[in-house]
Amino acid sequence: MIALIDNSSMKASCRLLISCRNSRVFGFSPAKALNTSPHNSCLNFCFKFHSIRQYSSYPFHFSRSQRILDGTQNSSVVSLSYGQSRVIMRSYSYSILPKPKRGLSIIARIASNVRDFSRSIEKHVNDNNFEKIYVQGGLNVKPLVVEKIDKDENIVGEEDSRIEIVSEDVNEENLEGLNNAKVVSSTREKSDIEKEAWRLLRDVVVTYCGSPVGTMAANDPADKQPLNYDQVFIRDFVPSALAFLLNNEGEIVKNFLLHTLQLQSWEKTVDCYSPGQGLMPASFKVRTVPLDGDNFEEVLDPDFGESAIGRVAPVDSGLWWIILLRAYGKITGDYALQERVDVQTGLKMILNLCLTDGFDMFPSLLVTDGSCMIDRRMGIHGHPLEIQALFYSALRCSREMLTVNDGSKNLVRAINNRLSALSFHIREYYWVDMKKINEIYRYKTEEYSMDATNKFNIYPEQIPQWLMDWVPEEGGYFIGNLQPAHMDFRFFTLGNLWSIVSSLGTPKQNEAILNLIDAKWSDLVGHMPLKICYPALEYEEWRIITGSDPKNTPWSYHNGGSWPTLLWQFTLACIKMGRLEMAKKAVAVAEKRIAIDRWPEYYDTRTGKFIGKQSRLYQTWTIAGFLTSKMLVENPELASSLFWEEDYELLEICVCALSKSGRKKCSRGAARSQILV
């Protein structure tokens, strides 16, 4: 019987090159830390164990413990049964190379301790007096026990391995839940396109000291100047990570999460300005550095935006890292990773950076142009929807993963407050449908009042002509950006899809977004899913907003180009809303030509008919996005680990601390019906 225990802490490291040979990540040598061979100079982050079958996760069981009501606090504490949450009946392979043998049974012992997730909503929104980021005490976690069971090789045709759930308090209710668990066993032969995709994906795996740590952005043999496409990007690796996780290959994802955490900018420099503490790099590259004689060593070289075109810090990198950390735990059942002290510390640093108070009056994040997937000048500076949707998702992930103690309670309170305010802000002010457009069309301007209808002083003349005839009666969407006297009415696909996935939108709004995509299929999907935004900037508007960017010409690249990597996010949103057929339809459209066209990064023209004029071929997140979509379509139940349902309790609580009889009144009361439907 092998007990897997991982409770190490990471020593803060600076953002310079990090050597795998001499790195003392935890304050002591890797060999001593893990009792490894002295010949192995690399830090082996991962414990490996193999299994062959897939199982759906055992449902979580929540119990309401109590509600506290007093003059300053209105909170409810939700207890999550620790043991049941860890009974993820999904046997797993943590290796991306050899296929595991049959015959492993994971015996998950249900722990008796209970992990409490605070759902408190405090009235004091701006109370950000975060305590020093330090996690006290150890992790009282019962180990996952892996037990090998020899399978009778004489039994012909038996497909499923045995699963045992050992618990001291198993009752009929628990057994009933187990009986409802499904065994996911795909016996379908992979198509030639899928086999090619897997081969290409494995060919771009980047190793560091012998361990896989990520995938290159692209591997185009004809590309003589790869620029930074030979690096591992955090946002680009997400679909690759999900493809590996869904295929029972988790080692590469765990290594990626820990190594990028090590690259996090922990300290500021003295002589020149450095990015904020907690910022995650946009990408990193494994470089070989010569030593004395003929010896060499590998180092990780991160890029925080100082080498990027435009020199923009990657705001979305930390948000994607948090989202992937949750997905890793949900799919593998390895929750010990997110409970490690170093991971908890890194998580808090990202959140502290995002939740820092500033001059802004809105709960949305204020960013510069080019700070996300659209990393060139495209007029998205301010409060772009993509960042807000990812921010909301990361906050919901963090609320699940943070260890609640005296050192984190203020941070948990700030997360709850921000979630409540952000969800209302986006649902109320970013949403447009025919009814809302007509309301904006009749706006009065220059309203100086606390009860103003046109709070952002939007001029009706901003409504573009194309919009009035484009939005269907049963459809709607979240606009791309909102600032004083400015609404960006463009449809940005990623932001709207993640609004569905994270439940940033209401169920009614989420349904309307898919209705719009279905009604405008030729515009948003066309010959290749999916448009990154619609419509494209053209003529004088293109010249002013993009600065005459020759790469972002109309209906190309970020300016209305079609990006196949968005397919997996569209698939996830469709599955959540019970519209699997829409996802299958989009996957079928992509499958017709994506391999023939050699897996391009993006497509050009209004309907996505041509391969992008500067598109890299064999783009990794195109390949991985297709594979992830195929696996989700075939096993839709796996998607439940990657999306969130509506949290009505969070939405019902106002955190603005404005009294009903005071001079200033909260605007949420009038909009209550809107935010809860």
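Atoms considered below: every heavy atom in the structure, side chains included; atoms not considered: hydrogens, waters and symmetry mates.
- Between Ser371 and Ala313, the shortest heavy-atom contact is CB-O, 3.8 Å.
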query: When you look at Asn416 and Arg413, which way does the side-chain hydrogen bond (donor to acceptor under 3.5 Å, both in side chains) test go after all the steps?
result: CA-CA 5 Å; Asn416 287 326; Arg413 183 187 305 116; over 6 Å; no
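- Checked by atom type and distance alone, the side chain of Ser408 pairs as donor or acceptor with a backbone atom of Thr403 at under 3.5 Å.
- Side-chain contact between Leu411 and Leu355 is present, with at least one heavy-atom pair separated by less than 4.5 Å.
- Listed by chain and residue number, Leu567, Ile575, Ala583, Val587, Ser629, Leu632, Val633 satisfy the side chain to side chain contact (heavy atoms under 4.5 Å, CB included) test with Thr571 (two or more places apart in sequence, or in another chain).
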- request: Kindly determine whether Ser503 and Lys576 satisfy side-chain hydrogen bond (donor to acceptor under 3.5 Å, both in side chains), including the steps that lead there.
  value: CA-CA 10 Å; Ser503 287; Lys576 178 190 173 181; 2.5 Å; yes
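- With Arg287 as the fixed residue, the salt bridge (charged side-chain N to carboxylate O under 4.0 Å, His left out) test singles out one of Asp303, Asp230, Asp301: Asp301.
- Val232 is listed as a side-chain neighbour of Phe256, based on a closest heavy-atom distance under 4.5 Å.
- Interatomic distance, CG of Leu395 versus CG of Leu419, reported as 4.5 Å (0.5 Å rounding).
- A distance of 8.5 Å separates CE in Met373 from CG in Asp236, rounded to the nearest 0.5 Å.
- No side-chain donor from either of Glu386 and Trp498 sits under 3.5 Å from a side-chain acceptor of the other.
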task: Verify side chain to side chain contact (heavy atoms under 4.5 Å, CB included) between Phe643 and Ile500, making sure each step is shown before the conclusion.
output: CA-CA 9 Å; Phe643 60 71; Ile500 297 174; over 6 Å; no
- request: Apply side chain to side chain contact (heavy atoms under 4.5 Å, CB included) to Met401 and Ile322, showing your working.
  value: CA-CA 9 Å; Met401 296 187 295; Ile322 293 174; 3.8 Å; yes
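- Taking every heavy atom of both residues into account, Gly346 and Gln264 meet most closely at O-NE2, 3.3 Å.
- Under the 4.5 Å side-chain criterion, counting only non-hydrogen atoms from C-beta, Val315 is not in contact with Phe391.
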field: Trace of the side chain to side chain contact (heavy atoms under 4.5 Å, CB included) decision for Tyr229 with Met216
entry: CA-CA 7 Å; Tyr229 280 82; Met216 287 190 299; over 6 Å; no
task: Could you check Thr345 against Asp342 for side-chain hydrogen bond (donor to acceptor under 3.5 Å, both in side chains), going step by step and ending with a plain yes or no?
output: CA-CA 5 Å; Thr345 301; Asp342 54 321; over 6 Å; no
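- Contact of the Trp644 side chain with the Glu400 side chain is registered, since non-hydrogen atoms from C-beta on lie closer than 4.5 Å.
- With Ser423 contributing its side chain and Leu504 its backbone, the two residues share no donor-acceptor pair below 3.5 Å.
- Considering all non-hydrogen atoms of both residues, Pro281 and Pro314 come closest at C-CG, 3.9 Å.
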Report all side-chain donor-acceptor pairs from residues 237-245 shorter than 3.5 Å, counting only partners two or more places apart or in another chain.
| residue | atom | partner | partner atom | Å |
| --- | --- | --- | --- | --- |
| Ser240 | OG | Thr215 | OG1 | 3.2 |

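- Distance NZ/Lys409 to CG/Leu402: 14.5 Å, rounded to 0.5 Å.
- Counting only distance, with no hydrogens or angles, the side chain of Glu251 and the backbone of Ser211 share no donor-acceptor pair below 3.5 Å.
- For the pair Ser502 and Ser393, the tightest heavy-atom approach, listed with the atom from each and the gap, is CB-OG, 3.1 Å.
- Looking at Asn405, its side chain does come within 3.5 Å of a backbone N or O of Gly407 through a donor-acceptor pair.
- By the salt bridge (charged side-chain N to carboxylate O under 4.0 Å, His left out) test, Asp316 pairs with Arg235, sequence neighbours left out.
- Looking only at side-chain heavy atoms (C-beta outward), Val213 and Ile252 stay at 4.5 Å or farther from each other.
- Between Leu642 and Ala327, the shortest heavy-atom contact is CD2-CB, 3.6 Å.
- The distance from atom CD1 of Ile323 to atom CZ of Arg396, rounded to the nearest 0.5 Å, is 12.0 Å.
- Put simply, the side chain of Ser283 does not reach to within 4.5 Å of the side chain of Ile234, judged on heavy atoms.
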query: How far apart are the C-alpha atoms of Leu325 and Leu337, what are their side-chain angles, what is the distance that settles it, and do they pass the side chain to side chain contact (heavy atoms under 4.5 Å, CB included) test?
result: CA-CA 8 Å; Leu325 177 64; Leu337 177 66; 4.1 Å; yes
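- Between the side chain of Ser641 and the main chain of Ile331, no donor-acceptor pair closer than 3.5 Å is present.
- Annotation: side chain of Gln277 is not in contact with side chain of Leu353 (no heavy-atom distance under 4.5 Å).
- Nearest heavy-atom pair, Thr260 versus Phe284, reported as atom, atom and distance to 0.1 Å: CG2-CE2, 3.6 Å.
- At least one donor-acceptor pair under 3.5 Å links the side chain of Ser398 to the backbone N or O of Ala394.
- Leu347 CG to Gln344 CD: the interatomic distance, rounded to the nearest 0.5 Å, is 6.0 Å.
- Aromatic ring centroids of Trp621 and Trp320 lie 6.0 Å or more apart.
- Looking only at side-chain heavy atoms (C-beta outward), Leu291 and Phe296 stay at 4.5 Å or farther from each other.
- Distance alone, capped at 3.5 Å, places no donor-acceptor pair between the Gln338 side chain and the Val343 backbone.
- Side chain of Thr628 to main chain of Gly625: no donor-acceptor pair is present (N/O by atom type, distance under 3.5 Å, no hydrogens or angles).
- The closest donor-acceptor contact from the side chain of Arg418 to the backbone of Pro363 lies under 3.5 Å.
- Separating the CE atom in Met280 from the CG atom in Leu263 is a distance of 7.5 Å, to the nearest 0.5 Å.
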